[in-house]
Amino acid sequence: MSVYVIGHKNPDTDSICSAIGYAAYKTAAGLEAIPVRCGDVNKETQYALDYFNVEAPKYISRVEENQQVIQVDHNEAGQAVDGLEKAELLEIIDHHRFGGLKTAVPLFVHTEPVGCTATIVSNMFWANNVKMPKEIAGLLLSAILSDTVLYKSPTCTDKDKEAAERLADLAGVELKEYGLAMLKAGAGVGDLTPMQIAKTDSKPFSFGNYKALVSQISVTDTSEVLNIKADILAAMKEICDKEGYNLIMLMVTDIIDEATDLVYYGEPKQLIADAFKQDASGDYIHLPGVMSRKKQIVPPLTEAAEKY
Ligand SMILES: [Mn+2]
């Protein structure tokens with residue numbers, strides 16, 4: 001039985017492309033590994049897959065008992081594929097905080113505080129002299145450009161840039177030109193419903209005793225989301241009521257202006273006020289320079305929640 005390499009629920013470009021890349025790396029090393037996904041492929045990722053002519057990983061709704069699994073791009077239980085607790089977890093390759101990791105057996109864990117899982121995967125290929133196919137280079141590059149928002153995110157490190165330059169050479173693309181085209185393909189609300197917008201790239205978190213969902217949509221003009229804010233707030237209320245969240249936040253991130261409008265529903269709003277040091281009694285706040293959920297949204301909320 002093949003080992004599954006899988007990213008988080010609601011997969012982004014890194015979760016899909018690092019799963020494909022790491023499965024290729026493990027296969028070259030003699031393991032029977034295949035990439036899988038536990039959510040839909042988003043517009044940005046589809047652009048990258050089409051550009052480099054690679055099929056999306058197979059969709060699975062859950063993993064069966066005893067299935068061998070390698071997690072990439074996540075480690076928090078709430079973000080993982082259903083059924084993982086009864087599967088056999090072999091490895092974690094990730095670049096996120098540890099959110100309460102507990103395993104039954106020892107496993108191989110490789111995490112680094114870099115901007116993208118694909119950076120770690122690329123360096124594994126190179127450190128072990130594994131030949132990287134051109135299309136894998138293209139997909140790993142896509143993941144780095146996506147997670148770092150073309151280097152603009154504060155999560156971006158020199159390691160990410162070095163890997164990306166090398167990958168762009170291997171893939172035969174002009175880095176900035178390709179990256180901007182890919183980001184634009186994924187940006188904007190397009191024909192998404194307010195419910196789909198509210199759940200774009202969403203990840204669940206616990207901040208103290210509060211259950212929160214933090215979503216993020218990339219845009220080139222925030223007004224296309226803010227103009228339909230009332231409908232999005234109604235969708236957020238529905239998600240809170242049905243799924244038991246206390247708070248839902250949607251990061252509307254302008255990839256050109258490098259700022260985020262944080263739209264939110266639920267309680268306590270004071271948690272948002274404390275975290276971002278501004279009045280949060282309305283339904284959104286403007287956060288200049290904020291692009292990263294991991295580095296600029298989750299840590300201040302985690303810290304503010306310690307007082308509750
Ligand atoms: Mn990532």
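We're numbering straight along the sequence, starting at 1. All ligand and atom numbering here is 1-based and tracks the order in the structure.
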*Can you tell me if Glu112 uses its side chain to pair, donor with acceptor, with the backbone of Val114 under 3.5 Å?*
no
_Presence of N, O or S from Asp73 under 2.8 Å of the Mn ion (ligand 1)_ = yes
*May I ask you to decide if Gln196's main-chain N or O and Thr193's side chain share a donor-acceptor pair within less than 3.5 Å?*
yes
*Looking at Asp14, pick out the N, O or S atom nearest to the Mn ion (ligand 1) and give its name.*
OD2
*Side-chain donor-acceptor contact under 3.5 Å, Asp160 with Thr119*: yes
_Taking N, O or S atoms only and a limit of 2.8 Å, check whether His95 reaches the Mn ion (ligand 1)._
yes
*asked:* Under 2.8 Å from the Mn ion (ligand 1), is there any N, O or S atom belonging to Asp12?
replied: no
_Distance, nearest 0.5 Å, that separates CG of Leu262 from CG of Leu287_ = 6.0 Å
*Are Gln46 and Asp50 linked by a side-chain donor-acceptor pair shorter than 3.5 Å?*
yes
*Give the atom name of whichever N/O/S atom in Asp147 sits closest to the Mn ion (ligand 1).*
OD2
